[in-house]
Enquirer: 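I'd like to ask you about the structure that follows.
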Amino acid sequence: MTSQETHDTRIDIPALLVRLPLFQELTPEQIAHLAAHTRAKRLPKGEMLFQRGDVAHGFYFIVFGQVKLAFPSSSGNEKVVEILGPRQSFGEAAVFAQRPYPVFAQALADTLLLYIPRDAIFELLEKDIAFARNMLAGLAMRLHSLIQDVESYSLRSSAQRVIGYLLQHCPDERWESSVEITLPTSKQVIASRLNLTPETLSRILHDLAEARLIEMHGKHIKIGDLKRLREYEF
């Protein structure tokens, strides 16, 4: 156990596990089994969780905070694959395939994770068909999301990608004519996530502001007319 993995009694691991979508249908006994093997792990902002190529002995759930999954490159740049937040998991595919992690994971904010080891999950999969179905559904949704990303990069313009990203971070009540959002991370990370250069992202945001579709105040963005922005996307 590392210095950042903890049995801290202030962290109620069973209560956290039952709140996670993947585990909501489990019995109290199954939750207790997982909790006995689960460890809480705290990551300060900027710290690496694992590197590409590290052996995957388990996977992670985010309790709070934010984690970036990315590919490194020989030029020193990186390609951000996902930006994950609370109630999201990662690392499952590498665990089930028993292969090394294909990306690196880094905290973008102070983060609390739950680490669930492979052996505890495999034991539960062998005993619970419903849990196995939930795991498959979760992996299928992740694959579907990655396919959508490829489609977006291939068929949508740079501006359409940026607008789509902004709309994804709007509240569900999209009938509102005006809304304010806060970018969840730096523009550099967002640009990599959208397969853009930081300069291109800044230019598009400037153009949207010039067109009076948005107002920029650092990471805070005001969208004056959601309907107009959605129409501009197409």
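For the single chain, residues carry numbers from 1 onward in sequence order.
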Enquirer: Under the salt bridge (Lys or Arg N to Asp or Glu O under 4.0 Å) rule, what do Glu199 and Arg203 come out as? Steps first, then yes or no, please.
Expert: CA-CA 6 Å; Glu199 294 77 15; Arg203 175 181 56 78; over 6 Å; no
Enquirer: With a 4.5 Å cut-off on side-chain heavy atoms, are Asp225 and Leu213 touching?
Expert: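 The answer is no, as the side chains (C-beta and beyond) never meet within the 4.5 Å cut-off.
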Enquirer: Starting from Val162, can I reach Ile190 by hopping between I/L/V/M/F/W/Y residues whose side chains sit under 4.5 Å apart?
Expert: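 Yes, because Ile190 and Val162 connect within a single hydrophobic cluster, where side-chain heavy atoms sit under 4.5 Å apart.
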Enquirer: Taking the side chain as every heavy atom from C-beta outward, state whether Leu113 and Val63 have any pair of such atoms under 4.5 Å apart.
Expert: no
Enquirer: With sequence neighbours left out, what residues match Lys187 under side-chain hydrogen bond (donor to acceptor under 3.5 Å, both in side chains)?
Expert: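 Listed in chain order: nothing, the list is empty.
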Enquirer: Mark yes or no for whether Ser202, through its side chain, and Pro198, through its backbone, hold a donor-acceptor pair below 3.5 Å.
Expert: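 Indeed, once roles are kept as given, a pair shorter than 3.5 Å links the two residues.
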Enquirer: Just so I know, are the side chains of Val81 and Arg193 near enough to count as touching, which here means a heavy-atom distance under 4.5 Å?
Expert: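 SC-SC contact between Val81 and Arg193 ruled out.
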Enquirer: Do Leu208 and Leu166 touch side chain to side chain, with heavy atoms closer than 4.5 Å?
Expert: yes
Enquirer: Is it the case that atom CZ in Arg19 sees more than 12 heavy atoms from other parts of the structure closer than 6.0 Å?
Expert: no
Enquirer: Taking the side chain as everything from C-beta on, heavy atoms only, tell me whether Ile221 gets closer than 4.5 Å to Glu180.
Expert: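 Of all side-chain heavy-atom pairs linking Glu180 with Ile221, none is under 4.5 Å.
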Enquirer: To the closest 0.5 Å, what do you measure between CG (Leu194) and CD (Gln160)?
Expert: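 If I round to the nearest 0.5 Å, the distance is 12.5 Å.
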Enquirer: Distance-only, no hydrogens or angles: does the Gln66 side chain make a donor-acceptor pair with backbone N or O of Pro184 under 3.5 Å?
Expert: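 Yes.
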Enquirer: Identify, with sequence neighbours excluded, every residue that meets side-chain hydrogen bond (donor to acceptor under 3.5 Å, both in side chains) alongside Gln51.
Expert: none
Enquirer: Is it true that a side-chain atom of Ser192 and a backbone atom of Glu78 form a donor plus acceptor pair closer than 3.5 Å?
Expert: yes
Enquirer: Decide yes or no for Lys68 and Val80: does some side-chain heavy atom of the first lie under 4.5 Å from some side-chain heavy atom of the second?
Expert: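 Heavy-atom side-chain distance check passes, below 4.5 Å.
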Enquirer: Identify the residue among Tyr60, Phe59, Phe61, Phe90 that makes a ring-ring contact (aromatic ring centres under 6.0 Å, His included) with Tyr115.
Expert: Tyr60
